[in-house]
Amino acid sequence: MQKKLRGSCAFAALLISANFVYSSALADPRAKVAIDADRETIDYIKGAIGETSSRPQSAYEARRSGEVAAEYAQEALRSLGYYQSNITIEINDDEVTYPTLKIDQGTQFKIKDPDIEWLETPPDAATRIDSLKAIGLNNGDAGRADFVIAGESRALGKVLDDGYADATLGQRRVIVDHADYSVHPIYRINTGERARLGEIMLLGKTKTKIKWVKHFVPWQVGDTYSTEKISELQRRIIDTGAYDSVNIRLGDKAPGSNIRTINITLEDRAKTTLETLISYSNTESFSGEVRVGRYNMFGRGDSFINRILLGQIESRVETTLKLPHFHKPDQTLSLSFGAFRDDTDAYREQGIDLKADVTRKFTRTSYWSVGADANYAKNREPSYYQTNTNIDRNYWAFSAIGTYLLDKTDNILNPKSGFKADATLEPTLITGDANLSYVKVIGQASYYKGLDKAEKTIFATRARVGSIFGGTIPEIPAAKRLYVGGGGSVRGYKYQGIGPRYSDTSETPIGGLSLVEMSVELRHQFDNKMGFVAFVDSGTLGIHSSPSFKEFKAGGGVGFRYDLGFAPLRIDLAVPFDKPKGDPSYQIYIGVGQSF
């Protein structure tokens, strides 16, 4: 038996969202679909039709299931701009099975002359023109419901950003003309009065001082209302990391004035937070870090972080105070004091460290930082001139540090697209048992690209170069030299495991004055949680300021990733392609976040 359904003239504004909610119990399609269309359209119609938990038991049930599926399919087709579709339901009378929808979608209707009808008082001429442009729909575009709705949102957004803070939408009209296969949307907007920005008021349970917020508000009292300026203020407050929620709304206006107060409701972050992080390498053993944070103690969105790091190679106790929007918006002052102990194959060192820097954001993804670092260290390292002899040096190191970073990736801890790059310039003066000055320069860049539309497979690559100018290997303390090898460098080799050593049989690295590192990864995500990585790392370390490319070492391996929600758990197994004598034949690394 066959039944034919013809398209209706009604505009399908709904996107059949209810039919995209699936239950694990629904396993079979309500109806099969036969249509000559692209994969996206077919999948959309199948999703609209939905699934069923029970197989038809009779021709009547199959026919009824087909009728329901045809109604859903026709609504989906209308939302895609097909208003003259023809759907035929086929039922197999000899064998009870699911119905089949044979669909002729017909001609897709096109957008025609989108317009805005202004309710009550219209806005100024410039806003009328700009909001029409903001719709973003051209004659001949597909007459899809989601396109029409998105155009309405863009038009309203432009009106709001032009200062009409109370603008609202009326009921839109959409004329579907079957004579010329057109969809003519008419949006209805009531703008209200243009608003101007006034003073801010702080609401909610917060210790924040209103004077501090006022100095980085991105407008002057009386400026035209702008959603962009409101969003910018919200971003500046959120970026401090001191608040759980930030809500900004327009307040009342004074009688006879269009200036509005701005109500800011803040919810302070918990006074104290505790964070822990554990990493592991089979040669570097376990490393554990605990951070205890205090926030907004001075009512300036400030953070006071106490950090304890304990590891076989590196241990540190450090306290850092950060004052955001210091003197200028998007400028942060950071002060820290700490004590450290490093115990590596190349040296042993312990001491104290004092740092101060100012970080200035240029955009949301770029910043520069300038600061000073002073540390006092007691250092023991092998003598460069006498075999099997250690020397002790106590010294002060004073450094000026300048850093620039640009990050155009989509995710800090698990990037899938984009690139990032940073460069650091560090002039240093050393006095005490060692007396010299030098300049360290290090630059790094990474690139990420999805190899498929769903970004399940990601190609990632990294390059890092560095040099020290103005000193020699014997003069520069071992802790201040450059090193290559380990989990954050060239995997497969032990920490500091690449480069010259004090003798052919020694495990003690000398360090270097130049380095080059390169990494390539292929990352594949199997599902929402688990992923796989294959990688190759390479690098070289030179004893001169100019990098040497003669003794590149390379390693490679595979890794497992498990999504923790905020970042992936990383487990990497790597082997060296050219294993140094006495070193392990493999390395295991466990941590949080991608390797780069």
Side-chain angles (χ1 to χ4, degrees), residues 200 202-218 231-248 264-278 288-310 314-340 352-375 401 403-405 407 411-413 422 564-567 592-593:
I200 65 170
L202 287 185
L203 306 175
K205 296 180 179 180
T206 179
K207 293 173 60 179
T208 303
K209 296 177 180 178
I210 192 169
K211 183 179 180 180
W212 170 70
V213 180
K214 282 183 175 180
H215 97 275
F216 61 81
V217 168
S231 297
E232 176 64 14
L233 176 59
Q234 186 174 43
R235 181 198 64 78
R236 290 178 179 180
I237 298 174
I238 291 173
D239 281 355
T240 65
Y243 304 97
D244 278 338
S245 67
V246 179
N247 189 9
I248 303 179
I264 306 174
T265 303
L266 301 178
E267 182 180 338
D268 286 357
R269 189 172 177 175
K271 290 183 179 179
T272 304
T273 62
L274 176 66
E275 299 175 341
T276 60
L277 179 66
I278 296 176
E289 184 175 343
V290 177
R291 294 188 182 190
V292 179
R294 295 290 304 273
Y295 298 91
N296 212 21
M297 294 174 59
F298 307 123
R300 298 173 54 88
D302 48 274
S303 58
F304 193 68
I305 308 298
N306 298 291
R307 172 175 170 252
I308 300 175
L309 172 65
L310 297 175
E314 180 184 6
S315 297
R316 182 174 295 271
V317 178
E318 186 177 63
T319 295
T320 301
L321 172 65
K322 290 188 176 182
L323 299 175
H325 306 301
F326 180 74
H327 283 309
K328 292 182 179 180
D330 292 320
Q331 184 167 279
T332 300
L333 172 65
S334 178
L335 305 170
S336 67
F337 171 75
F340 61 90
I352 57 173
D353 194 26
L354 298 94
K355 294 179 182 178
D357 63 65
V358 174
T359 300
R360 173 75 174 164
K361 262 190 164 184
F362 285 119
T363 68
R364 295 185 183 184
T365 57
S366 64
Y367 69 82
W368 58 252
S369 174
V370 293
D373 181 5
N375 67 72
I401 303 174
T403 299
Y404 179 81
L405 180 139
D407 189 339
N411 187 293
I412 295 175
L413 292 175
D422 63 82
L564 299 174
F566 62 94
V592 175

Nearest heavy atoms of [X] and [Y], plus distance in Å:
{"X": "Thr359", "Y": "Ser369", "result": "OG1-OG, 3.4 Å"}
{"X": "Leu233", "Y": "Pro218", "result": "CB-CD, 3.8 Å"}
{"X": "Thr208", "Y": "Leu202", "result": "O-CD1, 3.6 Å"}
{"X": "Pro324", "Y": "Gly301", "result": "CG-O, 3.2 Å"}
{"X": "Thr206", "Y": "Leu203", "result": "CG2-O, 4.1 Å"}
{"X": "Leu354", "Y": "Asp373", "result": "O-OD1, 3.2 Å"}

Would you say the side chain of [Y] lies within less than 4.5 Å of the side chain of [X], judging by non-hydrogen atoms?
{"X": "Lys322", "Y": "Ile305", "answer": "no"}
{"X": "Tyr243", "Y": "Ile238", "answer": "no"}
{"X": "Thr320", "Y": "Arg291", "answer": "no"}

Rounded distance [0.5 Å steps], [atom1] in [X] versus [atom2] in [Y]:
{"X": "Asp357", "Y": "Ile401", "atom1": "CG", "atom2": "CD1", "value": "8.0 Å"}
{"X": "Tyr295", "Y": "Asp268", "atom1": "OH", "atom2": "CG", "value": "12.5 Å"}
{"X": "Phe337", "Y": "Asn375", "atom1": "CZ", "atom2": "CG", "value": "11.5 Å"}
{"X": "Thr240", "Y": "Asn296", "atom1": "OG1", "atom2": "CG", "value": "7.5 Å"}
{"X": "Leu321", "Y": "Ser336", "atom1": "CG", "atom2": "OG", "value": "10.0 Å"}
{"X": "Ile308", "Y": "Thr276", "atom1": "CD1", "atom2": "OG1", "value": "12.5 Å"}

Please answer whether the main-chain N or O of [Y] pairs with a side-chain N or O of [X] as donor and acceptor at a distance below 3.5 Å.
{"X": "Gln234", "Y": "Val246", "value": "yes"}
{"X": "Arg316", "Y": "Phe340", "value": "no"}
{"X": "Asp302", "Y": "Met297", "value": "yes"}
{"X": "Arg269", "Y": "Gly241", "value": "yes"}
{"X": "Arg360", "Y": "Thr332", "value": "no"}

*Between Asp353 and Lys355, is a salt bridge (Lys or Arg N to Asp or Glu O under 4.0 Å) present by the stated rule, with each step listed?*
CA-CA 7 Å; Asp353 194 26; Lys355 294 179 182 178; 3.8 Å; yes
*More than 12 heavy atoms of other residues, nucleotides or ligands under 6.0 Å from NE2 of His327: is that the case?*
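Count not over threshold, so no.
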*CD1/Ile278: more than 12 non-hydrogen atoms of other groups inside 6.0 Å*: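 For Ile278, atom CD1 is not crowded (no more than 12 foreign heavy atoms under 6.0 Å).
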*Going through the checks in order, is the side-chain contact (heavy atoms from CB on, under 4.5 Å) test met by Lys328 and Val358?*
CA-CA 11 Å; Lys328 292 182 179 180; Val358 174; over 6 Å; no
*Those residues that, when tested against Phe216, pass ring-ring contact (aromatic ring centres under 6.0 Å, His included) (two or more places apart)*: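 With sequence neighbours excluded, Phe216 shows a ring-ring contact (aromatic ring centres under 6.0 Å, His included) to Trp212, His325, given in chain and number order.
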*State, without any angle test, whether Thr365 and Asp407 hold a side-chain donor-acceptor pair at a distance under 3.5 Å.*
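No - no donor-acceptor pair under 3.5 Å links their side chains.
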*Check the pair Val592 / Phe566 against side-chain contact (heavy atoms from CB on, under 4.5 Å), numbers first and verdict last.*
CA-CA 10 Å; Val592 175; Phe566 62 94; 3.9 Å; yes
